Amino acid sequence: DETAAARFTNEARAASHLNHPNSISVLDFGQTEVGILYIVMEYLRGRSLDSVLQKEFPIPFGRVASILCQVMDAVEAAHKLNIIHRDLKPENIFLEQSTGQDFVKVLDFGIAKMLDLEDRSITTPGLVPGTPEYMSPEQARGEPLDPRSDVYSLGVILYELLTGTVPFRGNSALATMMSHVQDRPEPPSKRRPDREIPDALDSI
């Protein structure tokens, strides 16, 4: 499919421009003689933040801060290149533990776009890429995105790291997306009063 191939090439090129310690490195990409698309990335040893959440919750607040600060560093570097991730979630945050400390790698810029290279002709009509639980309201509405959409997703991730749950989870993807558009989230301190979440973290 020529449209899919063009989309893949644009996205692989965007990811290959990222050169930050906390972003996974794209080493090569292209198309074989028989038309198979490929992308080569660095090999990582560790586990996803999603796995850590499932097995080690509650996570100490200091560790939460350390992980999120590294994620934000990677996302900021992408934003400076006009790259929006558009699918930030714990499954796309990888933790290496080579020194006993969490070293973050942000994965899967596969649906990201370079804003200054975006070509509407190769964007699938009606497609709203992303994961409903972590979607910004404008993304849920299918509106044009800017870096603030990623900041919203980071807020959802922080909420989940503090409470063990996402702010909104409906009976369907559409219901979840509409909650992001219409509803106010319950403060983390009220969702999990047993965790005694500090006011500063609650405010963030």
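Everything quoted here is computed from the prediction, not taken from an experiment. The basis for the numbers below is simple: all heavy atoms, side chains too, and nothing from hydrogens, waters or symmetry mates.
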Once you round to the nearest 0.5 Å, how far does [atom1] of [X] lie from [atom2] of [Y]?
| X | Y | atom1 | atom2 | result |
| --- | --- | --- | --- | --- |
| L161 | L154 | CG | CG | 10.5 Å |
| H20 | L81 | NE2 | CG | 10.5 Å |
| S23 | Q70 | OG | CD | 11.5 Å |
| I93 | L68 | CD1 | CG | 7.0 Å |
| Q139 | I84 | CD | CD1 | 9.0 Å |
| M135 | R86 | CE | CZ | 9.0 Å |

Flag yes if [X] and [Y] sit in one hydrophobic cluster, no otherwise; membership is Ile, Leu, Val, Met, Phe, Trp, Tyr, and two members link when side-chain heavy atoms are under 4.5 Å apart.
| X | Y | answer |
| --- | --- | --- |
| V166 | L174 | no |
| V64 | I204 | yes |
| V151 | I157 | no |

Under the side-chain contact (heavy atoms from CB on, under 4.5 Å) test, which residues partner [X], sequence neighbours left out?
| X | answer |
| --- | --- |
| Q31 | L37 |
| L44 | I24, E42, F94, E96, K105, L107 |
| N171 | none |
| P187 | S189, K190, D202 |

Give me the atom names and distance for the closest heavy-atom approach of [X] to [Y].
| X | Y | value |
| --- | --- | --- |
| L53 | P90 | CD1-CG, 4.0 Å |
| V156 | P167 | CG1-CD, 3.6 Å |
| V26 | A12 | CG1-O, 4.5 Å |
| A175 | G170 | CB-CA, 4.2 Å |
| S16 | F29 | OG-CE2, 3.9 Å |

Output yes when a side-chain donor or acceptor of [X] lies under 3.5 Å from a complementary backbone atom of [Y], and no otherwise.
| X | Y | result |
| --- | --- | --- |
| T32 | I36 | yes |
| S25 | L27 | no |
| N22 | F103 | no |
| S153 | Y134 | yes |
| T9 | A5 | yes |
| R195 | L162 | yes |
| H85 | D108 | yes |
| T176 | S172 | yes |
| S149 | L145 | no |

Residues forming a side-chain hydrogen bond (donor to acceptor under 3.5 Å, both in side chains) with [X], sequence neighbours excluded:
| X | result |
| --- | --- |
| R169 | none |
| D194 | R192 |
| H79 | D150 |

* Under the criterion side chain to side chain contact (heavy atoms under 4.5 Å, CB included), which of L88, N92, D73 is the partner of V106? -> L88

Any ring-ring contact (aromatic ring centres under 6.0 Å, His included) pairs touching [range], not counting sequence neighbours?
| range | value |
| --- | --- |
| residues 159-204 | Y152-H180, F168-H180 |
| residues 184-204 | none |
| residues 42-70 | none |
| residues 185-204 | none |

* To do: Quick one: list whatever passes salt bridge (Lys or Arg N to Asp or Glu O under 4.0 Å) with R63, sequence neighbours left out.
  => E56, D102

* Lys/Arg-Asp/Glu bridge criterion (N-O < 4.0 Å) met for E91, K89 -> no

* Polar side chain donor-acceptor pair, T165 to R191, under 3.5 angstrom -> yes

